[in-house]
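In what follows, a single structure is set out as structure tokens and then discussed.
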Amino acid sequence: MNNLPTRLGIAALTLLALQGAQATPRLAADIRWTAYGVPHIRAADERGLGFGIGYAYAWDNACLLLEEALTARGERSRYFGGQGQTSAQVSNLASDLFYTWLNRADALAAFDQAQPSVISDRLEGYVAGFNRYLNEAPGALSCAGQPWVRPLQRADLLSLARRLLVEGGLGQFIDAVAGAAPPGEAAAGVTMASASVAARAERLRLERGSNAVAVGDQRAAGARSLLLANPHFPWSGAMRFYQLHLTIPGQLDVMGAALPGLPLVNIGFNQHLAWTHTVDTSSHFTLYRLALDPARPDHYLVDGRSVALRREPVSVSVKGEDGQVRSLLHTLYVSEYGPLLNWPGRLGWTGTQAWAIRDANLENTRVLGQWDAINRADSTATLQRVVSAQQGIPWVNTLAADDNGRVLYLNRSVVPNLSDEQLRRCGLPQLIAQGLPGLRGDLAACAWRQDPRAAQPGIVPAEQLPALARRDLVQNSNDSAWLTQPAQPLEGYSPLVSRSGGPLGARARFALGQLEAARSIDADALRNLVTGNRVASADWVLPDLLAFCAQQGSAAEAGVKDACAELAAWDRTANLSAGPGLQVFAGFMARFADNASLWRYPFDPADPLHTPRGIDLANPASAQLLRQWLAQSLGERIDAPWGQIQVSGQGADAIPVPGADGHLGVYNAIQSVPEGSRRQVISGSSYLQLVRFTAQGPEASGLLAFSQASEPASPQHQDQTRLFSAGHWPALPFTERQIADDPALRQLHIEQ
């Protein structure tokens, strides 16, 4: 933090003195920054801790949070016009209509009222600390002078939390909800197309993922237990992680990473426990097909009873091309299940039917308190107990290791409660085949079941959700719970919770193969899963592909011959030095993977770790297709090493980034998009954390792949990205001695 002394000088000049005989400050926190700008925040109480968190976060990411709060309030169109896009690639107008409805005053008030005092105090302190920094250094912000820059409000943090909650459900259908209108009625200027919803779903698929491995004392080498956290999240916007360490002496001591606006640790470790999350495969919403009343098209039928759709007006301000701001009034239609949506070509609103969506996380007010309870858990047993009791995890699995050598997998997120009989009677096979939980809305018997054991009406109780406690290992890479540990398959759950018997993702196959081959597992082995950048699918496909190349001989057309030469020279990695063969292989697999008939050994549920694999060269269709795909893939590649192609940043500041699409079996999953002759990283490996529990306590290493600060002028804007590029994971200072001994240590006391 090369500019820290100057900024500390500014802060010191603005410290508020205590007034009168007040013995202690109303809000106070100590912030100690170690290398790479990681803040260690210490306070005497929850409000003070929130004060320090808000201040430290604003130091690095004030403009990011203010703009994402603007999005969550539904005010983007007022300042940027309706045609621009959010950080999640949703049109401003559609986003504003959706979030104005989602985060209406009554919904925020109910969410706020439900928060425990710990969270309420943290939120209050966070707002004060964030605004304190805004007052001190307004000119230092990249967004200084913008009309949308204003002090943060408590409602902004609540709105951001609710935005996070619906990422696994309603958030996938923002365009479809904002664009829903009866046939013949205008949808407030929201252009709705099937492609936009599909693109949103694809972007979510690419940007939300993760790997996790927890190794217990039966398999851990040199430690009581180990945990690898490798979440794959966006490198910008509302899901961009931030490193921090939180301490209230005698009450709390936890380190890890948090999402923007959250005053706690989402993924991290404390003295006794380390945990992480992976996006799960469970359903967190259901779609309901409504049978419209022929006599009254603004009504729908349930068991023959006519029920009126609620009309809920939403008003947003839109800046026109002339610079004038005008109000736009739109009506959202809401059923007893939830808001209506319109997805032309798939879930269209016609004269006879409409579609509604019910999101289980709309009623999840426990999410912040849940993570606070996890932050304080002292063992895997305690973790399982608090998660089962609160059921506040929205849409992720949880994996953990503790200092007693135990490891744990939990899929105890918020899932709709429907019996097998309901699914048989109510399920819509065509949608279910497409991976969408579609149900009949004309039968009252298709409503979610109520179970008094559940923490929330209509969700599956915790004891009916997957859990696995062991002393060897558990892992997950966004697959179902089924083969978390192949020695003890998790089966027999509702298909809305977890499915068994289907193909594993390529990352899980790779990890399980590597882990099962090792008698004991140490920290280096876990780190190398990521930093090795192995393209696992090359081992399953490339031998046969090269055999096909050899069959072509000298008579092969130039495109095929050159593609084969690139593949033969490639080292089967996505390292920075990987040659163009990586690009040729990626292009080939994008085409081959969708042609199941060409696998030599198709998927076999009795051998899920080793199938599918190979190319059926005896298939009469294979030769022509393989030649075609090889030539096409060669034409798409850029003749340069991977490190010159996939980057983060612009121009001379661009940093080469290793890794590639996780669907290739690259554990270090990185998503990048074409940008001229390069590919710009948009998501993938984000907060990397490797924790070893020893007799001396936790020993952690890791980094934030995109660095701490989104502010371009900050020294912490790209420093950790260079570490990530080099495959170096520094130690994470956790103890008082480690923090005090850090050569880069800087300290600040703030109070008011």
Side-chain angles (χ1 to χ4, degrees), residues 63-104 107 148 156 159-181 186-208 233-240 259-261 279 284-285 287 312 314-319 328 330 332 338-347 355 357 359 361-362 394-395 436 671 673 680 682-683 710:
C63 293
L64 181 151
L65 190 66
L66 289 173
E67 185 172 344
E68 295 304 331
L70 182 78
T71 300
R73 288 198 305 270
E75 294 184 356
R76 293 189 65 85
S77 300
R78 178 185 184 93
Y79 299 99
F80 306 126
Q83 300 307 309
Q85 288 190 323
T86 71
S87 61
Q89 303 300 300
V90 178
S91 77
N92 287 343
L93 182 55
S95 176
D96 287 348
L97 290 170
F98 178 82
Y99 285 114
T100 298
W101 173 81
L102 178 74
N103 289 322
R104 56 202 182 276
W148 48 269
D156 293 329
S159 296
L160 287 165
R162 282 175 56 81
R163 179 185 179 186
L164 170 67
L165 278 172
V166 300
E167 281 286 316
L170 261 173
Q172 300 177 37
F173 298 90
I174 292 176
D175 304 270
V177 171
V190 176
T191 301
M192 189 60 232
S194 180
S196 65
V197 180
R200 169 79 171 147
E202 176 69 5
R203 187 176 178 89
L204 286 167
R205 180 186 69 81
L206 293 176
E207 291 187 352
R208 311 289 190 270
F233 265 48
W235 283 30
S236 62
M239 305 291 281
R240 188 184 198 270
L259 293 173
V279 176
H284 305 291
F285 67 93
L287 299 165
E312 298 192 357
V314 175
S315 177
V316 299
S317 298
V318 182
K319 182 180 181 180
L328 184 150
H330 178 55
L332 291 184
L340 270 61
L341 53 84
N342 185 29
W343 185 350
R346 297 187 73 177
L347 305 173
W355 295 88
I357 178 172
D359 187 329
N361 276 300
L362 278 182
W395 35 263
L436 293 171
Q671 294 296 331
V673 296
Q680 190 69 220
I682 60 170
S683 67
S710 58

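Atoms considered below: every heavy atom in the structure, side chains included; atoms not considered: hydrogens, waters and symmetry mates. Keep in mind that this is a model prediction, so the values were computed, not measured.
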Measure across [X] and [Y] and return the closest heavy-atom pair with its distance rounded to 0.1 Å.
{"X": "Y79", "Y": "K319", "answer": "O-CD, 3.7 Å"}
{"X": "G261", "Y": "L65", "answer": "N-CD1, 3.6 Å"}
{"X": "R76", "Y": "D96", "answer": "N-OD1, 3.0 Å"}
{"X": "P234", "Y": "M239", "answer": "CD-CB, 3.7 Å"}
{"X": "A69", "Y": "L160", "answer": "N-CD2, 4.1 Å"}
{"X": "S77", "Y": "G82", "answer": "OG-CA, 3.6 Å"}

Can you find a pair of side-chain heavy atoms, one from V90 and one from F98, that are under 4.5 Å apart?
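Contact flag for V90/F98 side chains = no.
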Evaluate the side-chain proximity of L70 to Y99: yes if any heavy-atom separation is below 4.5 Å, no if none is.
->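 Counting from C-beta outward, Y99 and L70 never come under 4.5 Å.
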Working to the nearest 0.5 angstrom, can you tell me the gap between [X] [atom1] and [Y] [atom2]?
{"X": "T71", "Y": "N103", "atom1": "OG1", "atom2": "CG", "value": "11.0 Å"}
{"X": "L93", "Y": "Q83", "atom1": "CG", "atom2": "CD", "value": "7.5 Å"}
{"X": "I682", "Y": "S87", "atom1": "CD1", "atom2": "OG", "value": "11.5 Å"}
{"X": "D359", "Y": "E167", "atom1": "CG", "atom2": "CD", "value": "10.5 Å"}
{"X": "N92", "Y": "L97", "atom1": "CG", "atom2": "CG", "value": "11.0 Å"}
{"X": "W355", "Y": "L436", "atom1": "CH2", "atom2": "CG", "value": "9.0 Å"}

- Message: Parallel, tilted or perpendicular: which one describes the rings of F173 and F285, with boundaries at 30° and 60°?
- Response: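 It falls in the perpendicular class, over 60°.
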- Query: Which of these passes side chain to side chain contact (heavy atoms under 4.5 Å, CB included) with L341: D175, I174, L287?
  - Reply: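 Looking at D175, I174, L287, the match for L341 under the side chain to side chain contact (heavy atoms under 4.5 Å, CB included) is L287.
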Exercise. In plain terms, say whether R240 and E68 are close enough for a salt bridge, that is, a side-chain N and a carboxylate O under 4.0 Å apart.
Key: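 Salt bridge absent between R240 and E68.
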Sidechain-backbone polar pair: [X] side chain, [Y] backbone, donor-acceptor under 3.5 Å:
{"X": "N342", "Y": "A176", "value": "no"}
{"X": "H330", "Y": "A178", "value": "yes"}
{"X": "R162", "Y": "L102", "value": "yes"}
{"X": "R78", "Y": "V318", "value": "no"}

